[in-house]
Structure formats: structure tokens, C-alpha cells
Amino acid sequence: MQSTFNTYKEAPSNIAIVKYWGKKDIQKPLNPSISFTLSQAVTKTKLEYFEGDKDLSLDFLFEGQNKGSFIPKLKTFISNIKHLLPFLNQGHLRIDSSNTFPHSSGIASSASSMASLAKGLVDIYEKLGHSHNNRNLLESEIARLGSGSACRSTQLGWTLWGSTPLLPNSSDQYGVLINDTIDPLFNSLQDSILVIRKGTKTVSSTLGHSLMNNHPYQQGRIRQANSNTEKLLKALNEGDFNSFAEICEEEALSLHGLMMSSSPGYTLMAPESLKAINRIKRFRDDQNIPITYTLDAGPNIHIIYPKEQSELVVPFIEENLLELCEDNTVLYDQISMPTTNI
Ligand code: DP6
């Protein structure tokens with residue numbers, strides 16, 4: 001008899017401090033990257049799998065609405081993971097996904113959505129009676145094949161993705177948790193996101209990555225990211241916020257510098273992004289407190305600081321930065337660690 005299998009999984013978004021920028025082979029990174037997962041920005045995915053003899057068919061719903069436009073992307077993803085989850089050759093799969101954060105908030109959802117989908121698919125694989133060597137690594141590898149940064153969202157906390165001699169168990173195939181090497185200072189980080197622009201970005205990350213293939217600074221970027229990985233691991237381990245901040249900002253500005261010096265070049269920062277950066281730096285100089293910022297591939301600014309600085313930082317944001325944000329939107333998020341219980 002043919003049966004039905006259900007599951008429900010959640011996964012958070014993540015913010016990279018050392019950035020993944022540029023790919024090789026099938027969704028493998030040109031350089032190692034390090035990120036932490038967030039608490040509030042989460043994707044929830046319900047899966048139903050109906051066994052069957054015919055080629056796999058798919059339904060995809062986002063926030064309750066049928067999204068046929070996503071099906072071609074999903075099909076490519078599924079053809080890339082069939083060798084890991086052969087049950088996806090046949091039957092019918094219904095995916096029903098929703099985000100805890102607004103779609104038009106300028107927050108990328110590919111990491112959280114692909115990570116929650118990967119976790120659900122591995123769960124169904126187990127329910128079908130299959131076993132594997134390591135669930136965490138399999139989930140991360142499958143998420144990576146959907147969206148590179150998603151492989152850093154299948155487990156909570158700090159993850160390193162990309163092979164580096166600094167960490168013997170690191171791999172280009174999946175992310176590995178590095179929580180046990182982190183000083184407690186970095187377990188309570190706040191990420192207050194200035195939503196400078198809400199809309200989707202004009203140049204996708206996938207296109208941005210491809211422009212690294214013939215980039216004049218490609219080799220320099222790979223050297224810089226490897227060196228920043230080494231420095232960041234040390235800073236995280238020693239609880240050294242000043243070094244952390246230096247790496248964080250160098251990575252954010254380099255990412256945008258690489259976009260500007262691509263061929264064709266492009267800019268994703270907005271005038272308000274630069275104003276916000278200058279105000280954050282001035283505030284740091286005046287107050288002499290640990291605070292830094294980073295950007296993803298977009299204009300929004302992630303302000304990062306230890307929790308105990310919230311009393312000073314939140315009023316600073318409300319009084320000085322809110323006016324730079326679209327519809328005065330700031331998302332107050334924080335790191336999610338394994339005990340946070342997502
Ligand atoms: C700037 O993971 O979104 O956020 O692998 O093509 O899906 P694809 O790209 P994606 O790239 C994220 C790039 C980044 C930096 C990072 O998260 O490391």
C-alpha cells in the first residue's frame with residue numbers, strides 16, 4: 001500500500017561575518033565563511049509526501065498561496081539532491097512554507113527556507129525507513145544545494161562553511177558548528193536590522209556570485225577571506241570584540257567593493273546605508289562601546305553588539321537611525337544558540 005508522510009520543520013536566517021562570495025562546481029564556495037543564526041527571522045515548512053510510481057510532481061505554497069513560479073527553481077534543486085534522497089524520483093511532494101518576517105522587509109529568505117526544506121526532506125527520508133551517517137551534515141549538504149548560505153542555517157549558533165586547514169572537520173559540502181570554540185561574549189549578540197529598502201534587490205546574489213568567476217580581484221578576495229577566517233576564529237575564541245568589529249566591517253565593505261568592481265559593476269548600497277555607517281562609527285567613538293555593523297548583498301545595515309549594550313544602543317537607533325529606514329522599519333533580532341529552542 002502507498003502511504004503518506006508528513007513533517008514540519010523550522011530554520012532561522014543567518015548573518016555572515018566572513019562572507020561567502022563566489023562559487024565553484026555545484027554550489028561550493030570559493031572561500032570559507034562564518035555566520036550566526038538569528039532568532040526572529042525563521043521559515044516554517046510543512047511537507048507532505050505521497051508515495052507513488054510516477055515521476056515526482058510538486059505543489060508549492062507560500063503563506064497559503066499557490067506559487068507555481070517557484071516550481072522550476074524547486075525542480076532544479078530536487079534534481080541536484082536526488083542522488084542523496086532517491087525517494088524524490090517518484091511520488092508527489094507538497095511544500096507549504098511561511099516566514100515569521102515580512103516578505104518585503106529586504107531580509108533574504110533563501111537561507112531559512114532552503115534550510116527548513118532540507119530538514120523536512122531528511123525527516124521524510126528517515127520516516128521512509130532509510131538511514132544515513134550523520135543527520136546534521138546531510139541536512140546542511142542538502143540545504144547548500146538549494147542556496148549556499150542555507151547550509152549555515154540547519155543548526156543553531158555559529159557555523160563555518162568551506163574547507164580550511166584551520167578546522168580539520170570543515171568542508172565545502174556542508175557547514176560545521178563552531179559553538180564550542182566561542183567566548184560567551186559572542187553568545188548574546190544582538191542584530192538590529194535597519195531596513196533601508198524593503199523591496200527585493202536589483203541584482204540577485206546568484207548573479208553576483210557568478211561575476212566573481214572572472215573578477216580581477218578574485219585571488220586577492222580568496223586570500224582575504226581565508227585570512228579573515230583565521231582572525232575571526234581567534235577573536236571569537238578570545239572574546240576580542242575590537243578585532244571582531246574590524247573583520248566584520250572589512251568583510252562588509254569588501255563585499256560591496258567586489259560588486260562595484262565586477263564587470264558589469266553595480267551598487268546595492270543606498271545613500272542612507274552610508275549615512276547609517278557614519279553615524280554608527282561616530283556613536284562608537286563618542287560612547288566607546290562595543291558595536292559594529294555588517295551588510296548582506298543589499299542596502300540594509302545589521303548593527304551588531306553584545307546584549308548588555310542594548311540600553312544605550314536601542315535609544316541611539318530610535319533617535320538617530322530610524323529616519324534612514326523605509327517606513328521607520330528596524331527589526332530587532334538576536335543570535336539563536338542551541339538552548340534558545342527554535
Ligand atoms: C552576501 O547563499 O544567497 O549573503 O548560493 O546563489 O543561493 P546562492 O547565494 P546566497 O549568497 C549569500 C551571499 C551573502 C554572504 C553570505 O551569506 O555568506
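Note that ligands are numbered from 1 as they come in the structure, with each ligand's atoms numbered from 1 the same way. Every heavy atom of this structure was used, including side-chain atoms; hydrogens, water molecules and symmetry mates were not.
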remark   = The closest protein heavy-atom partner of atom 4 (O) of ligand 1 is Asp296 OD1, 3.1 Å
inquiry  = Can you confirm whether Leu58 sits close enough to Ile78 that some side-chain heavy atom of one is under 4.5 Å from a side-chain heavy atom of the other?
reply    = yes
note = If we number the atoms of ligand 1 from 1 as shown, the ones under 4.0 Å from a heavy atom of Gln27 are 5 (O)
query = What atoms of ligand 1 come within less than 4.0 Å of a heavy atom belonging to Leu255?
reply = 1 (C)
key: Protein heavy-atom partner closest to atom 8 (P) of ligand 1 - residue, atom, separation in Å   = Lys23 NZ, 3.5 Å
inquiry  = Is it the case that ligand 1 has an N or O less than 3.5 angstrom from some N or O of Ser147?
reply    = yes
key: Electrostatic pair Arg279-Glu323, nearest N-O below 4.0 angstrom   = yes
task = Report, in ascending order of atom number, the atoms of ligand 1 lying under 4.0 Å from any heavy atom of Ala297.
result = 1 (C)
inquiry  = Walk me through whether His209 and Trp21 qualify under side-chain contact (heavy atoms from CB on, under 4.5 Å).
reply    = CA-CA 6 Å; His209 286 293; Trp21 202 237; 3.5 Å; yes
request  = Considering only NZ, NE, NH1 and NH2 on the basic side and carboxylate oxygens on the acidic side, decide whether Glu126 and Arg135 come within less than 4.0 Å.
outcome  = yes
inquiry  = Below 4.0 Å, non-hydrogen atoms only: which portion of Ser149 touches ligand 1? Side chain, backbone, both or neither.
reply    = both
ask   = Which atoms from ligand 1 have a heavy atom of Ser110 less than 4.0 Å away?
value = 3 (O)
request  = Output yes when Lys44 and Asp96 qualify as a salt bridge under the 4.0 Å nitrogen-oxygen rule, no when they do not.
outcome  = no
Gly148 N/O to ligand 1 N/O under 3.5 Å = yes
request  = Would you check the N or O atoms of Arg152, main chain and side chain alike, for any that come under 3.5 Å of an N or O of ligand 1?
outcome  = yes
inquiry  = With heavy-atom distances below 4.5 Å as the criterion, would you say the side chains of Phe186 and Ile335 are in contact?
reply    = no
ask   = Any donor and acceptor pair, going by atom type alone, linking the side chain of Thr37 with main-chain N or O of Ser336 inside 3.5 Å?
value = yes
ask   = Who's the nearest protein heavy-atom neighbour of atom 13 (C) of ligand 1, and how far?
value = Tyr20 O, 3.6 Å
ask   = What part of Ile15, side chain, backbone, both or neither, has a heavy atom within less than 4.0 angstrom of ligand 1?
value = neither
key: Under 3.5 Å donor-acceptor, Gln190 side chain and Ser188 backbone   = yes
query = Does Ser33, backbone or side chain, put an N or O under 3.5 Å from an N or O of ligand 1?
reply = no
remark   = atom 9 (O) of ligand 1: closest protein heavy atom, distance to 0.1 Å, is His209 NE2, 3.1 Å
ask   = Less than 4.5 Å apart, any side-chain heavy atom of Leu74 and any of Leu117?
value = yes
Lys19/Glu250 ion pair, N-O < 4.0 Å = no
key: Ligand-residue contact atoms, ligand 1 with Ala16, heavy atoms, under 4.0 Å   = 16 (C), 17 (O), 18 (O)
